[in-house]
Amino acid sequence: MFGFLEQNVSGRRCVWVNGPVVVGAGPSGLAVSACLREQGIPFVVVERADCIASLWQKRTYDRLKLHLPKKFCHLPKLPFPEEYPEYPNRKQFITYLENYAEKFGIKPQFNESVESAKYDEKCGVWRVKTVSTLPSSIRSETEYICQMLVVATGENAEGIVPEIEGLQDFSGEVIHVKDYKSGEKYNGKKVLVVGCGNSGMEVSLDLSNHNAKPSMVVRSSVHVLPREIFGKSTFDLAMTLMKWLPLWLVDKLLLILAFLILGNTQRYGIKRPSLGPLQLKNHHGKTPVLDIGALEKIRSGDIKVVAGIKRFHRGSVELVNGEILDIDSVVLATGYRSNVPYWLQENELFGKDGFPKRHFPNGWKGKRGLYAAGFTRRGLAGASADAIKISQNIANVWKEELNQKKKKVPTHRRCISTLF
Ligand SMILES: Cc1cc2nc3c(=O)[nH]c(=O)nc-3n(C[C@H](O)[C@H](O)[C@H](O)COP(=O)(O)OP(=O)(O)OC[C@H]3O[C@@H](n4cnc5c(N)ncnc54)[C@H](O)[C@@H]3O)c2cc1C
Ligand SMILES: NC(=O)C1=CN([C@@H]2O[C@H](COP(=O)(O)OP(=O)(O)OC[C@H]3O[C@@H](n4cnc5c(N)ncnc54)[C@H](OP(=O)(O)O)[C@@H]3O)[C@@H](O)[C@H]2O)C=CC1
Ligand SMILES: O=C(O)C(=O)Cc1c[nH]c2ccccc12
């Protein structure tokens with residue numbers, strides 16, 4: 001896969017990659033790599049962490065389980081083991097991904113963070129610059145040069161930390177939910193959970209299960225659906241209904257069923273958005289909460305629902321309705337963002353928000369050999385769909401180029417002398 005490897009005068013390693021460079025070794029990067037391996041195409045995977053699936057290994061909490069049934073979450077060419085439960089837990093999912101990487105011989109370049117990637121028009125190549133993330137190492141840099149680039153850095157690359165008045169002066173611990181592991185250490189503590197997406201709901205539940213006292217901030221609205229309806233996955237049911245009915249009608253049915261099972265969530269301070277849950281997910285990327293028990297705790301008062309935040313004080317928080325709550329700690333479950341705009345110097349495929357400008361199913365391919373995997377806002381199933389299309393497209397380009405090379409001298413040779 002490495003054409004050649006050299007040290008240039010400034011100490012930067014330059015690596016010519018025969019085949020695509022894949023940025024990110026999460027489920028999306030692994031899925032693309034596995035499909036490329038099956039097609040016999042060489043590739044290099046670059047990963048900033050020291051392991052595969054770093055979101056799952058390092059930035060998720062102990063009790064996490066997939067919230068969609070396993071048939072919607074496996075990657076291409078390898079279903080979950082039969083003995084896995086319907087909703088695999090975090091450890092099982094990580095084991096599955098490790099076996100996946102092993103099976104397809106995926107060996108990422110770990111501890112290398114991509115800091116910039118730019119298309120070199122003159123040479124017709126992508127220049128992908130990485131910096132070592134190892135703390136003790138001197139800043140070692142590598143430049144990968146390739147003709148195809150697969151962006152697989154994820155929708156959840158960075159935690160969003162909102163600027164809230166007084167937060168700097170708050171005397172207790174403040175963490176983003178990506179650093180939350182368990183409610184164990186919060187026993188007896190009053191914890192403000194900011195945000196009511198799946199993270200905020202599940203962390204509030206975990207805190208309550210560990211005898212902490214969570215208050216969850218709901219500043220606007222959210223759709224809460226039961227994870228299962230009459231023993232069948234709500235997501236599965238929705239997918240089945242969508243084959244026959246328009247989205248708005250499926251939404252109406254889901255909301256009727258949710259009302260019958262959960263009751264009126266508004267009674268507990270949780271307003272529903274005016275757009276239905278699937279329409280909201282499709283048009284705005286906002287995931288409905290699939291409830292695994294938080295609502296019951298809200299009903300019983302073990303999780304308190306509170307209004308938006310006005311400002312923090314040293315040991316308390318002031319809400320927009322004037323209420324003041326004494327709190328010991330804060331968990332910011334305030335969402336994630338893509339980091340693509342920080343490093344990819346391109347503005348045709350990706351927009352300013354770090355997501356492809358064109359929506360599913362059209363956002364996976366750009367120009368000049370650029371691809372986006374895992375930005376469909378459709379979870380793991382979306383990542384798998386991208387991987388299949390991307391690898392197929394790369395295989396076609398690859399085979400075409402091989403045929404052309406048989407006929408004439410490859411064009412990139414002209415450039416090599418100017419690269420160093
Ligand atoms: C808590 C949580 C639970 C979820 N549960 C489900 C679920 O049950 N079902 C479902 O379908 N989806 C779920 N999702 C959606 C989630 O997006 C996918 O599960 C999946 O992790 C996405 O894979 P990915 O490879 O696209 O991104 P990631 O898993 O985030 O992987 C991206 C990788 O790229 C690396 N990276 C980022 N930037 C750089 C850089 N500049 N240089 C080098 N490497 C970089 C990261 O370190 C990371 O390892 C969940 C998400 C979260 C946050
Ligand atoms: N078991 C599982 O499989 C789990 C899956 N996930 C997935 O991970 C992804 C990320 O979820 P999540 O981390 O919940 O992020 P989300 O983006 O879904 O939710 C962020 C929440 O934070 C709120 N918020 C943001 N800023 C503020 C602020 N300044 N004050 C008050 N509230 C604020 C938002 O409110 P508003 O709507 O008003 O902006 C929203 O409720 C989702 O796709 C989710 O499904 C997460 C956890 C568990
Ligand atoms: O868990 C997530 O974040 C997902 O994106 C999975 C997902 C894709 N489509 C959905 C619709 C409703 C709930 C979850 C998902």
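When a ligand or atom number is given, it counts from 1 through the structure's own listing order.
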### Task
Indicate, with yes or no, if the rings of F72 and H67 have centres closer together than 6.0 Å.
no
### Message
Among all the protein's non-hydrogen atoms, which is closest to atom 38 (O) of ligand 2, and how far away is it?
### Response
S220 OG, 2.5 Å
### Distance from atom 41 (O) of ligand 2 to nearest protein heavy atom, with residue and atom
C196 N, 3.1 Å
### Query
What residue and atom, counting heavy atoms only, is the protein's closest point to atom 23 (C) of ligand 2, and at what distance?
G195 CA, 3.6 Å
### Query
Quick one: which of N282, L225, T287 has a heavy atom closest to atom 13 (C) of ligand 3?
T287
### Message
I'd like to check whether Y336 has a polar contact with ligand 2, where a contact means an N/O of the residue lying under 3.5 Å from an N/O of the ligand.
### Response
no
### Task
Within a distance under 4.0 Å of any heavy atom of G26, pick out the atoms of ligand 1 and give their elements.
25 (O), 31 (O), 33 (C)
### Message
At under 4.0 Å between heavy atoms, is it the side chain or the backbone of W56 that contacts ligand 1, or both, or neither?
### Response
side chain
## Note on the structure
The atoms of ligand 2 lying under 4.0 Å from a heavy atom of K65, numbered in the order shown, are 1 (N), 2 (C), 3 (O)
### Query
Using heavy atoms and a threshold below 4.0 Å, how should the contact between T153 and ligand 1 be classified: side chain, backbone, both, or neither?
both
### Message
Just to check, does A383 reach to within less than 4.0 Å of ligand 1 when the distance is taken from its heavy atoms?
### Response
no
### Message
I need the atoms of ligand 1 closer than 4.0 Å to a non-hydrogen atom of H67, numbered in the order shown.
### Response
7 (C), 8 (O)
### Message
Heavy-atom pairs closer than 4.0 Å: do any link ligand 1 to the side chain of I52, the backbone, both, or neither?
### Response
neither
### Query
Of G308, A307, G197, which has the heavy atom at the shortest distance from atom 19 (O) of ligand 2?
G197
### Query
What protein heavy atom sits nearest atom 42 (C) of ligand 2, and how far off is it?
T287 OG1, 3.6 Å
#### Entry: Salt-bridge criterion met for R127 and E143 (N-O under 4.0 Å)
yes
### Query
Among T376, L254, L68, N156, which residue places a heavy atom closest to atom 6 (C) of ligand 3?
L68
### Query
What part of K281 sits under 4.0 Å from ligand 3 if we count only heavy atoms: the side chain, the backbone, both or neither?
side chain
#### Entry: Shortest protein heavy-atom distance from atom 11 (C) of ligand 3, along with the residue and atom involved
F235 CE1, 3.6 Å
### Residue L66 vicinity, atoms of ligand 1 by number, heavy atom under 4.0 Å
7 (C), 8 (O)
### Query
Given that the side chain starts at C-beta and the backbone is N, CA, C, O, which of these parts of E115 lies under 4.0 Å from ligand 1, counting heavy atoms, or is it both or neither?
neither
### Query
Any nitrogen or oxygen of L380, main chain or side chain, under 3.5 Å from a nitrogen or oxygen of ligand 1?
yes
## Note on the structure
If you scan protein heavy atoms around atom 9 (C) of ligand 2, the nearest is N156 OD1, 4.2 Å
### Query
Is H67 close to ligand 3, meaning an N/O of one under 3.5 Å from an N/O of the other?
yes
### Message
Please classify the H67 to ligand 2 contact at 4.0 Å (heavy-atom distances, strictly less than): side chain, backbone, both or neither.
### Response
both
### Task
For atom 21 (C) of ligand 2, state which one of A333, G379, C73, G200 supplies the nearest heavy atom.
A333
### Task
Would you mind finding which of L68, L66, N198 brings a heavy atom closest to atom 45 (O) of ligand 2?
N198
### Query
Under 4.0 angstrom from ligand 1, any heavy atom of Y61?
no
### Query
V177 near ligand 2, heavy-atom distance under 4.0 Å?
no
### Task
Mark up the atoms of ligand 1 that fall under 4.0 Å of a heavy atom belonging to V114, in ascending order.
40 (C), 41 (N), 42 (N), 43 (C)
### Message
Looking only at protein heavy atoms, which one is nearest to atom 15 (O) of ligand 2, and what is the separation?
### Response
G335 CA, 3.5 Å
### Message
For atom 13 (O) of ligand 2, what is the closest protein heavy atom, and at what distance to 0.1 Å?
### Response
S199 OG, 2.6 Å
### Message
Tell me whether Y61 has any N or O atom under 3.5 angstrom from an N or O of ligand 2.
### Response
no
### Query
Quick one: which of H284, R219, K286 has a heavy atom closest to atom 26 (N) of ligand 2?
R219
### Ligand-side contact atoms (ligand 3) for residue partner P288, heavy atom cut-off under 4.0 Å
12 (C), 13 (C)
### Task
Could you tell me whether R368 and E348 make a salt bridge, using a distance below 4.0 angstrom between a side-chain N and a carboxylate O?
yes
### Summary
E112 heavy atoms within 4.0 Å reach ligand 1 at atoms 43 (C)
### Message
Closer than 4.0 Å to some heavy atom of G154 - which atoms of ligand 1 meet that?
### Response
26 (O), 27 (O)
### Message
So if I count the atoms of ligand 1 from 1 in the order they appear, which ones are less than 4.0 Å from some heavy atom of G24?
### Response
33 (C), 34 (O), 35 (C)
### Query
Would R48 and E158 pass as an ion pair if we require N to O under 4.0 Å?
yes
